[in-house]
Amino acid sequence: MVLSQIISLITTAISFGTVIMYGSLGEILTEKSGHLNLGVPGIMYMGGIGGLIGAFLYETHTASPIPFVGLAIALASTLLCSLVGGLIYSFLTVSLRANQNVTGLTLTIFGSGLANFFGGSLSKLAGGVGQISVASTSSAFRWTQHISDRIVASLSAKAAAGGGFMKFLASAADTVDRVFLNYGFMVWLALAIAVVLSIFLTKTSRGLNLRAVGENPATADAAGINVKSYKYLSTCIGAMISGLGGLYYVMDYIKGTWANDGNIEAVGWLAVALVIFATWKPLRSIWGAYLFGALYWLYNFIPGLTRSSQEIFKMLPYIVTIIVLISVSLRHKREDQPPTSLGLSYFREDR
Amino acid sequence: MIHISKRVDFVRGKAAWLNPFIGWAIRILAVLLSLVVSGILIYSITKLNPIQVYIVMGKGVFGTSRRIWAWLRDLALLLCISVGLAPAFKMRFWNIGAEGQVLVGGIATAACMIYLGNAGIPTPVFLIIMAAASMLAGMIWGVIPALFKAKWNTNETLFTLMMNYIAIQLTSFFIPRWEHPKGSNTVGIINAGTKAGWIPALLGRQYLINILIVAAVVILMYFYLKKSKHGYEIAVVGQSENTARYAAMNVKKVIIRSMALSGAICGLGGFLAVSGADHTISTATAGGRGFVAIIVAWLAKFNTLTMVLISAMLIFLEKGAIAIASEFSLSNDVSKIITGIILFFILGSEFFINYEIKISSGAVNREAVKKNSSDRVRGGYWPAVLLSLLGNLLSGTAIGLFVFNPVRVGLAGASRAVYNGERFRPGDVFSRFKKGRYLHTVGTMALVTLFITLGLSCLIVPGVIVAIGLSRVPYLLAAENDGEKTSAMDVLRRSWRMMKGHKTDHFVFRLSFLGWAILNFLTFGILGLFWVNPYFNTALAGYHEELVKVESQDKKEVL
């Protein structure tokens with residue numbers, strides 16, 4: 001019983017943590033260029049609804065939709081929608097030098113409005129009734145899960161015929177499958193993005209340039225780095241990564257529907273928190289995200305909680321973040337500090 | 001070259017008093033533009049006439065006196081929070097935590113209403129107790145991040161942001177304890193029968209007291225920030241902490257004190273929301289107002305009176321959009337979309353108020369070129385007219401590619417001669433038809449046309465850029481000496497290189513003839529025939545002459 005509960009907590013943590021991870025990976029890339037984008041929740045909303053609209057339009061306009069085409073369309077429209085969000089933010093903050101916090105918050109208001117508006121009335125606007133559901137596209141998002149399920153099924157079929165060792169192997173494979181393989185491909189994609197991002201930031205010259213822009217744009221400019229294009233690119237690509245989190249949430253986590261419960265916004269703020277928790281390092285945000293996921297759902301696994309006291313447990317990720325924030329400022333370790341020019345807009349003529 | 005610099009003022013001298021008005025005019029223009037954009041968006045979603053939609057909005061907010069009072073009530077709440085943020089923001093302390101501070105204020109108020117509601121305390125005293133409790137709660141919520149900021153410089157933006165969510169969870173913690181009726185998972189209307197702890201109506205007006213409290217806060221805060229010693233200290237710390245320290249101010253004390261005040265006023269907002277409006281508490285009590293207030297406070301440049309205007313507009317939009325939503329049975333979230341669009345435009349417009357954009361003439365002196373051209377055309381009038389006439393005549397022919405293009409190159413050369421005041425040789429115009437030059441000219445010019453057409457097909461703008469980038473080609477071809485032969489692509493490349501960094505400049509140069517073009521149009525082209533076209537052609541050739549000089553100068557400097 002205990003083991004099965006632990007397994008269940010791990011799977012919950014991984015599948016929920018992945019949403020947070022996407023958001024925070026995008027935000028890490030953005031913040032490395034010195035831009036604190038508080039519009040992450042809004043961008044995740046835009047990404048999520050973009051993918052849903054794309055898949056919905058495809059599924060309603062074709063007689064027999066092919067799941068993987070739906071997946072491609074959903075991915076493309078998510079990237080496009082979150083790119084629009086990133087472009088709005090970067091045009092206002094980089095080119096027009098608007099205040100980053102205010103622009104980000106506005107983007108969150110705009111994105112959540114846009115997403116909940118279309119999420120609530122998409123099927124009505126299309127002349128249908130009831131909730132949106134893009135079941136076939138959503139199933140395509142879990143193809144890795146189907147493959148691993150099939151392997152385990154064939155193993156246990158063999159085990160039924162075979163001896164004791166085969167039975168043990170089958171049950172072990174079943175556990176591994178349930179803990180580590182029971183996810184859609186976007187869980188693995190998030191891990192890949194984290195690794196690539198980490199290599200990019202620490203091992204490539206462009207990554208170094210980007211960090212220079214975030215630390216001291218004036219110096220980077222003097223060294224011949226095109227500050228504006230680095231800021232634009234990192235904000236826009238960061239937005240696209242964050243947007244994928246919205247897509248994963250909509251297509252995989254809640255299985256291709258829309259819920260007007262403000263969950264994406266809460267996750268978006270958790271993603272901002274995770275950036276601090278991970279001290280701006282993509283690899284740390286992997287286990288950070290899973291930890292946040294576990295902390296967020298921990299109350300489900302602790303016996304004897306009332307409806308009231310379980311809410312205290314949901315505070316945990318935020319409290320942990322505050323503790324990290326304080327300890328980072330206390331310890332003053334140089335590699336754990338936020339980018340120096342975070343939140344300041346750069347103006348070459350300003351001396 | 002585009003040059004951007006901090007703007008000191010729009011106009012100087014006697015008209016300087018106009019400056020603030022120009023700033024506001026730009027903001028109003030931004031709002032109007034954003035209404036057009038939202039109108040297009042509304043139209044594309046609903047196929048409704050946008051003007052009709054805005055009329056529905058107006059009716060939805062100001063249609064009945066009840067609606068106007070509801071508007072004033074919400075306005076007062078948003079204003080209260082925004083004013084609460086002013087001291088923190090003026091100090092450059094990013095208090096993103098207003099949402100949480102409002103909520104804990106609301107929790108404190110609701111607790112008073114629930115636990116003290118039946119104690120029989122006289123209403124005025126009870127109101128004061130609740131207000132004090134809510135302010136204390138908000139103050140605690142605000143001071144916690146401030147303490148860490150003051151002591152260890154902990155990032156306050158992220159700290160206060162996290163405090164919001166702890167406050168939301170705290171609210172969720174209390175809701176099951178206070179729920180009514182049981183199992184509903186909502187607190188319900190508190191003291192629905194006795195109305196204990198409700199802000200009463202004044203002069204028969206339900207929300208008058210709310211509005212009066214906020215009005216008092218607004219005015220007090222205005223003077224606190226502008227006239228008091230504390231306000232001055234806040235301003236200095238906001239400008240530069242080092243300066244403040246140098247002036248022997250206790251920066252830590254200022255930070256903590258200002259955040260205590262900021263949190264307390266936001267907490268008071270929670271009191272107004274719970275006791276004065278909703279009479280219940282939920283996680284939506286603050287309803288995102290804490291975030292909107294941040295934008296209000298920022299846009300108002302911490303001036304509490306400007307905040308009144310901005311929050312009035314935002315609440316109008318919110319209520320109006322809700323009216324549209326219910327009238328056309330759409331989702332309420334449409335209000336957030338419109339609010340977002342309008343705020344984007346206002347945020348963007350600040351750039352044009354704070355910065356000056358000068359499009360400098362770059363290296364080529366526009367006025368000098370134009371002056372010289374007009375002098376030359378007047379001096380040797382007929383050749384110039386003849387040249388442009390010839391160009392006009394041939395440009396219309398279908399064999400343009402084979403006849404007009406070589407002539408155009410010849411004309412470019414001849415115009416250069418006019419600009420330089422050289423003797424006019426009619427043979428120049430047809431010099432490109434010579435054997436060995438003709439095919440080269442036709443081929444190169446066809447390539448230019450091809451690239452421009454390709455560019456134009458990608459939504460016009462790239463085409464214009466390509467056209468400007470390749471605008472040197474005729475002049476370069478005309479300047480080629482006998483026997484000299486560069487490949488077509490090399491000519492194009494050279495043109496592109498020459499125009500690098502001069503494209504905007506050249507565009508503006510052409511644009512500066514717009515007035516003449518309009519006059520030409522008004523005179524049915526007659527003015528063009530005898531003045532505008534020769535002048536324009538000569539000036540374009542002159543531009544090239546000057547550009548060549550700049551280029552050779554640059555080369556010398558490099559050497």
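Just so it is clear, the structure is predicted and the values come from calculations on it, not from any experiment. Naming convention: chains lettered A, B, ... in sequence-line order (proteins, then strands); numbering from 1 in each chain.
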Under 4.5 Å heavy-atom distance to chain B, tell me which part of A:T93 shows up: side chain, backbone, both or neither.
neither

Please classify the contact of A:N116 with chain B as side chain, backbone, both or neither, using a heavy-atom distance under 4.5 Å.
both

B:T157 versus chain A, the contacting section by heavy-atom distance below 4.5 Å
side chain

Please name all residues satisfying ring pair (Phe, Tyr, Trp, His ring centres under 6.0 Å) with B:F173, sequence neighbours left out, ordered by chain then number.
none

Answer key: most heavy-atom pairs under 4.5 Å with chain B among A:I312, A:L114, A:N99 is A:N99

Which pair of heavy atoms, one from A:R97 and one from B:F351, lies closest together, and at what distance?
NH1-CE1, 3.9 Å

Hey, what do you get for CZ (B:F291) to CG (A:N101), rounding to the nearest 0.5 Å?
11.5 Å

Select one option (side chain, backbone, both, neither) describing which atoms of B:L170 are under 4.5 Å from chain A's heavy atoms.
both

Heavy atoms under 4.5 Å from chain A: which residues of residues 292-300 of chain B carry them?
B:V292, B:I294, B:I295, B:W298

Distance in Å, A:L36 CG paired with B:L161 CG, rounded so as to fall on 0.5 Å steps
9.0 Å

What part of B:W94 gets within 4.5 angstrom of chain A, counting heavy atoms only: side chain, backbone, both, or neither?
side chain

Only pairs under 3.5 Å count here: list side-chain donor-acceptor contacts from residues 315-327 of chain A, not counting sequence neighbours, and write none if there are none.
residue: A:T321; atom: OG1; partner: A:P317; partner atom: O; Å: 2.8
residue: A:S327; atom: OG; partner: A:I323; partner atom: O; Å: 3.4
residue: A:S327; atom: OG; partner: A:V324; partner atom: O; Å: 3.0

Interface residue of largest heavy-atom contact number with chain A, from B:I166, B:T339, B:I341, B:I175, under 4.5 Å
B:I166

Between B:G348 and A:L96, the two heavy atoms sitting closest are CA-CD1, 3.7 Å

As an exercise, state the distance from CD1 of B:I168 to CH2 of A:W269, rounded to the nearest 0.5 Å.
10.5 Å

Can you name the closest pair of heavy atoms from B:K336 and A:G113 and give their distance?
CB-CA, 3.5 Å

Side chain, backbone, both or neither: which part of B:I338 has a non-hydrogen atom closer than 4.5 Å to chain A?
neither

Taking only heavy atoms into account, what residues of residues 103-112 of chain A are found under 4.5 Å from chain B?
A:T103, A:L105, A:T106, A:L107, A:I109, A:F110, A:S112

To the closest 0.5 Å, what do you measure between CD (B:Q169) and CD (A:Q310)?
9.5 Å

